[in-house]
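The structure appears below as structure tokens.
The basis for the numbers below is simple: all heavy atoms, side chains too, and nothing from hydrogens, waters or symmetry mates.
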Amino acid sequence: MSTHDDNAGAAVARPLGAGDDTVLPFQLDRSDIRGRVARLDESLARMLAQHDYPPAVGALTAEAAMLTALIGQTIKLRWKLSLQIRGSGPIRLIATDYYAPETEGAPARMRAWASFDPEAVDPSAPGFAQLGEGVFAILIDQGPGTTPYQGITPLAGGSLAASAQSYFAQSEQIPTRFEIVSALASAPGGQPAWRAGGVMLQQLPAEGGAGAARPEADADGLMTAQGVADMAGRGEDWNRVNLLLDTVDAHELIGPHVTPEALLWRLFHEETPRVYPVQPVRFGCSCSGERVVEALAGCSPDEIAAMTTPEGKVTADCQFCGAHYEFAPEELGARSGGH
């Protein structure tokens with residue numbers, strides 16, 4: 001396996017668990033496919049520990065968080081990437097955010113939250129089916145002075161991973177594959193906590209050339225990753241690498257006994273893998289009292305009065321991290337000179 005400076009060698013040895021809460025970028029030189037191997041442990045546990053989610057909701061939120069970590073690290077991001085999954089069923093919304101590292105070598109920060117009807121959710125049924133009809137959206141915000149980007153596709157394929165694959169095939173025409181697993185796990189004598197692992201593959205755009213005039217569509221009429229690869233005349237490489245990924249086991253993805261480097265070498269050693277520096281990931285929230293004040297800056301005195309409790313306070317709670325804020329009414333809205 002090669003590192004980013006092309007030094008050849010075997011998979012880098014790490015202490016047990018050292019691959020947790022990281023995203024490892026790689027490229028397969030033989031097939032010109034890039035990818036990511038990610039593990040979320042403490043960061044995911046902290047995201048989900050803020051809420052008492054039923055198992056179906058927790059598993060779906062963990063899958064969304066893993067997708068966010070994998071996708072966020074592939075983008076030249078200055079500020080924030082978000083996923084929003086909206087459905088018509090008992091699980092109404094899953095929202096995740098990935099904040100780019102503030103300095104080189106610093107961790108990326110992530111948070112996640114789900115909205116659901118606790119009386120209607122079936123805790124033993126798969127979460128994706130309980131979304132009903134809905135949409136999968138990716139939002140990219142590069143910060144002040146930029147126009148946010150949003151791409152939307154229907155929920156499809158029986159999982160959030162399949163919906164994300166459909167998004168990239170449909171909206172970006174980039175063949176993309178996700179293999180994701182999450183589970184409640186515990187060390188001997190410890191409390192159960194969520195862990196997740198995943199692999200993302202993307203075929204790099206080809207220079208010139210074309211294959212099939214019309215890409216293959218799935219049962220929902222949407223373009224598929226294989227169809228897009230075939231259209232570019234590169235379907236054989238894409239199919240071969242996906243067959244290799246099909247051999248992965250859940251315990252290899254979720255760890256911690258198989259490091260990301262060892263997993264990458266086991267799956268793709270024939271494809272000449274090249275690894276790049278890992279990106280650490282941590283739980284983190286961007287909420288603050290100042291942001292609440294800014295959000296309410298345009299409210300009229302009557303609107304602020306309607307939000308005021310009998311105790312004379314205006315309160316706000318962050319859905320992501322559970323932080324609680326209290327303000328005197330005169331601190332907020334137009335009374336304080338808000339815009």
Exercise for the section: For the pair Gln142 (side chain) and Lys76 (backbone), establish whether a donor and an acceptor sit closer than 3.5 Å, ignoring hydrogens and angles. Expected result: yes
Handout entry: Cluster overlap Met66 with Ile75, hydrophobic side-chain contacts below 4.5 Å
Key = yes
Practice task
Determine yes or no for a side-chain-to-main-chain donor-acceptor pair under 3.5 angstrom, with Asp141 supplying the side chain and Gly143 the backbone.
Solution key: yes
Exercise for the section: Answer yes or no: is there an ion pair linking Asp29 with Arg274, defined by an N-O contact shorter than 4.0 Å? Expected result: yes
Problem - Residues Arg78, Thr146; criterion side chain to side chain contact (heavy atoms under 4.5 Å, CB included); working and verdict - result: CA-CA 11 Å; Arg78 296 207 306 268; Thr146 65; 3.3 Å; yes
Practice task
State, without any angle test, whether Glu311 and Thr309 hold a side-chain donor-acceptor pair at a distance under 3.5 Å.
Solution key: yes
Practice task
Report yes or no: do Arg109 and Ser286 form a side-chain donor-acceptor pair below 3.5 Å?
Solution key: no
Exercise for the section: Apply side chain to side chain contact (heavy atoms under 4.5 Å, CB included) to Thr153 and Ile138, showing your working. Expected result: CA-CA 9 Å; Thr153 55; Ile138 292 180; over 6 Å; no
Problem - Verdict with supporting geometry, Val199 and Val248, side chain to side chain contact (heavy atoms under 4.5 Å, CB included) - result: CA-CA 10 Å; Val199 176; Val248 74; 5.6 Å; no
Problem - Rounded distance [0.5 Å steps], OG1 in Thr176 versus CH2 in Trp238 - result: 6.0 Å
Handout entry: Heavy-atom donor-acceptor pair, Glu63 side chain to Ala161 backbone, under 3.5 Å
Key = yes
Problem - Salt bridge flag under 4.0 Å for residues Asp20 and Arg195 - result: yes
Exercise for the section: Given side chain to side chain contact (heavy atoms under 4.5 Å, CB included), test Leu93 with Trp113 step by step and report yes or no. Expected result: CA-CA 8 Å; Leu93 170 68; Trp113 171 67; 3.4 Å; yes
Exercise for the section: Among Glu261, Glu271, Glu252, find the one that has a salt bridge (charged side-chain N to carboxylate O under 4.0 Å, His left out) with Arg266. Expected result: Glu252
Exercise for the section: Give a yes or no answer on whether the side chain of Ser88 reaches the backbone of Glu133 with a donor-acceptor pair at less than 3.5 Å. Expected result: yes
Practice task
Could you check whether the rings of Tyr53 and Phe116 sit parallel, tilted or perpendicular, using 30° and 60° as the cut-offs?
Solution key: perpendicular
Exercise for the section: Using modelled atom types only, decide if a donor and an acceptor are shared between the side chain of Thr74 and the backbone of Ile71 within a distance under 3.5 Å. Expected result: yes
Practice task
Assess whether salt bridge (Lys or Arg N to Asp or Glu O under 4.0 Å) is satisfied between Asp246 and Arg177, documenting all intermediate values.
Solution key: CA-CA 11 Å; Asp246 287 342; Arg177 163 84 181 273; 2.9 Å; yes
Practice task
Please report the shortest heavy-atom distance between Ala64 and Ile85, naming the atom on each side.
Solution key: CB-CD1, 4.1 Å
Exercise for the section: Kindly work out whether a path of hydrophobic side-chain contacts (I/L/V/M/F/W/Y, heavy atoms less than 4.5 Å apart) joins Leu184 to Phe128. Expected result: yes
Handout entry: Heavy-atom check, side chain of Phe26 versus side chain of Trp265, under 4.5 Å
Key = no
Problem - Under 3.5 Å: donor-acceptor pair, side chain of Gln130, backbone of Ala125 - result: yes
Completion exercise
When every non-hydrogen atom of Pro101 is compared with those of Ala106, the smallest separation belongs to CB-O, 3.3 Å
Handout entry: Charged N-O contact under 4.0 Å between Arg282 and Glu42
Key = no
Exercise for the section: Work out which heavy atom in Leu44 is nearest to a heavy atom in Ala65; give both atom names and the distance. Expected result: CD1-CB, 3.9 Å
Problem - Gln50 (side chain) donor-acceptor with Met47 (main chain) under 3.5 angstrom - result: no
Handout entry: Side-chain donor or acceptor of Thr247 paired with backbone N/O of Leu244 under 3.5 Å
Key = yes
Fill in the blank from the handout: In terms of heavy-atom contacts, Asp122 and Ala56 come closest through O-CB, 3.9 Å
Exercise for the section: Mark yes or no for whether Gln173, through its side chain, and Val228, through its backbone, hold a donor-acceptor pair below 3.5 Å. Expected result: no
Exercise for the section: Taking the side chain as every heavy atom from C-beta outward, state whether Gln202 and Ile33 have any pair of such atoms under 4.5 Å apart. Expected result: no
Handout entry: Single-linkage hydrophobic cluster, 4.5 Å side-chain cutoff, Tyr99 and Leu139 together
Key = no
Problem - Asp32/Arg234 ion pair, N-O < 4.0 Å - result: yes
Practice task
Check whether any side-chain heavy atom of Val37 sits under 4.5 Å from a side-chain heavy atom of Val23, and report yes or no.
Solution key: no
Exercise for the section: Compute whether any side-chain donor of one residue and acceptor of the other, for Gln73 and Arg36, lie under 3.5 angstrom apart. Expected result: yes
Exercise for the section: Report whether Met200 and Ile174 are members of the same hydrophobic cluster (ILVMFWY, side-chain heavy atoms less than 4.5 Å apart, transitive linking). Expected result: no
Handout entry: Beyond-backbone contact of Thr68 with Met110, side-chain heavy atoms, under 4.5 angstrom
Key = yes
Handout entry: Under 3.5 Å donor-acceptor, Ser166 side chain and Ala162 backbone
Key = no
Exercise for the section: Kindly indicate whether the side chain of Trp194, heavy atoms from C-beta on, has any atom under 4.5 Å from the side chain of Ser182. Expected result: yes
Handout entry: Ile180 and Leu253, any side-chain heavy atoms less than 4.5 Å apart
Key = no
Completion exercise
Shortest non-hydrogen pair, Ser163 vs Phe136, comes out as CB-CD1, 4.0 Å
Practice task
Taking all heavy atoms of Ala112 and all of His51, pick out the closest pair and write down the distance.
Solution key: O-NE2, 4.2 Å
Problem - Connected via hydrophobic side-chain network under 4.5 Å: Leu245 and Leu24 - result: yes
